[in-house]
Amino acid sequence: MDSQDRLFRFRLPFHLPSSTIVRSGGVYISGALFAIAFWFLIDAAIYSKTVNASVVHVTFIDWIPGICSALGMLIVTSIDKSRLFDDALGGGASSTTYQARVILFLGFSLLAGGLAGSFVVLIMKFISKGYNEYPTLGMGVANVITNVSIMLSCISLWVSQSVEDEYSYSLAL
Amino acid sequence: MSTISPLSKIIGLSSVLAVGFLFIVLAGAIFGNWIVLFVGLIFAVGYLPVVATQGFSSNGFYDDLMNESSNQVQDLGRFVSSFLTVSGLALPIVLLHCHYLTYTAMVMTEVGGALIYATVVVFTSFFDQSDDVNLGI
């Protein structure tokens, strides 16, 4: 390894991964987190139907935060990110940029609303009614884990795609 | 690597695949619950989205000027593949948690599914290598 390639004064014991590896790894992590979220939701529902001994059951209320988060993730990831930052070229925000920002705001609101809604379900349906023991409380906690995982999945996908944008930009120059 | 003939590679991979399916079918047959066959199916198709979308990366050469849409397609393939793989890992645990499976059946299903998945991955990389050799790279 040449001395010109070094980033720090000391020699790193590993190579920093290239941006293509970061990109594909971020997408893999995003898919894995989304699968974890999905299966926590399904697990809570099946558990409630089969081995649940308490009177609390998973109903459609528990699904609403997860559906909101998934819709928000769909909206956020389907926005074309080059539409958000084209101020410098056009000299001011064009109408497409404005629309993209409004839609993106809706997507992030759905994500945050899903996360907040899962906490609301956990507190209003489980904790405030006195169901604090773990096998019952686990259904509410699984709901929170679902929404946190969907949000982390969306963040991972966003970051990995932004990495690729900078990479192709530097290549184009 | 090149000392192993392709025929023995294929035979070895197919026997590993057979052992993987054996584990899963045994887990279904001994404990009388055939829902674990879905796990084998998920693991078998888990790597295929990546393979199916690899063809969009400009003829197998590494090209710095890939256009935007091919990257999006590859990302979709990676996302779906990762989703399916983690689903295959998570489904036996969910079934164990909901008392559909015993612990032994869960472990056998996971091991069999991992063997099937590894077979598909190794088989695909084996074909990629032979493609590269044909192109003279």
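In the text below, chain A, chain B and the rest are named by the order of the sequence lines, each starting its count at 1. Reckoned from all heavy atoms, side chains included, excluding hydrogens, waters and symmetry mates.
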- Would you sort out whether B:Leu13 and B:Leu17 count as a side-chain contact (heavy atoms from CB on, under 4.5 Å), showing the intermediate values? CA-CA 6 Å; B:Leu13 280 177; B:Leu17 183 71; over 6 Å; no
- Message: Quick check for you: to the nearest 0.5 Å, what is the distance between A:Thr146 atom OG1 and A:Met151 atom CE?
- Response: 13.5 Å
- Item | B:Phe31 atom CZ, over 12 foreign heavy atoms within 6.0 Å | yes
- Please confirm whether the backbone N or O of A:Glu133 pairs with a side-chain atom of A:Thr136, one donor and one acceptor, at under 3.5 Å? no
- Task: With side-chain contact (heavy atoms from CB on, under 4.5 Å) as the test, would you mind laying out the steps for B:Leu37 and B:Val25 before giving the verdict?
- Result: CA-CA 7 Å; B:Leu37 285 182; B:Val25 171; 4.2 Å; yes
- Message: Run the side-chain contact (heavy atoms from CB on, under 4.5 Å) test on A:Ser153 and A:Met73 for me, step by step, so that the C-alpha distance in whole Å, both residues' side-chain angles and the decisive distance to 0.1 Å come before the verdict.
- Response: CA-CA 8 Å; A:Ser153 162; A:Met73 182 178 171; 3.2 Å; yes
- Query: Remaining members of B:Leu7's ILVMFWY cluster at a side-chain heavy-atom cut-off under 4.5 Å?
  - Reply: B:Ile11
Check residues 105-123 of chain A and write down every donor-acceptor pair under 3.5 Å in which the side-chain atom is one partner and the other belongs to a residue at least two apart or another chain.
from, atom 1, to, atom 2, distance (Å)
A:Ser109, OG, A:Phe105, O, 2.7
A:Ser118, OG, A:Leu115, O, 2.7

- Those residues of residues 28-62 of chain A, ordered by number, that approach chain B below 4.5 Å (heavy atom to heavy atom): A:Tyr28, A:Ser30, A:Gly31, A:Ala32, A:Phe34, A:Ala35, A:Ile36, A:Phe38, A:Trp39, A:Asp43, A:Ile46, A:Tyr47, A:Thr50, A:Val51
- Checking heavy-atom separations under 4.5 Å from chain A, one finds in residues 78-115 of chain B B:Arg78, B:Phe79, B:Ser82, B:Phe83, B:Val86, B:Ser87, B:Ala90, B:Leu91, B:Val94, B:His97, B:Cys98, B:His99, B:Tyr100
- Item | Working for side-chain contact (heavy atoms from CB on, under 4.5 Å), residues B:Tyr117 and B:Val120 | CA-CA 5 Å; B:Tyr117 187 73; B:Val120 175; 5.6 Å; no
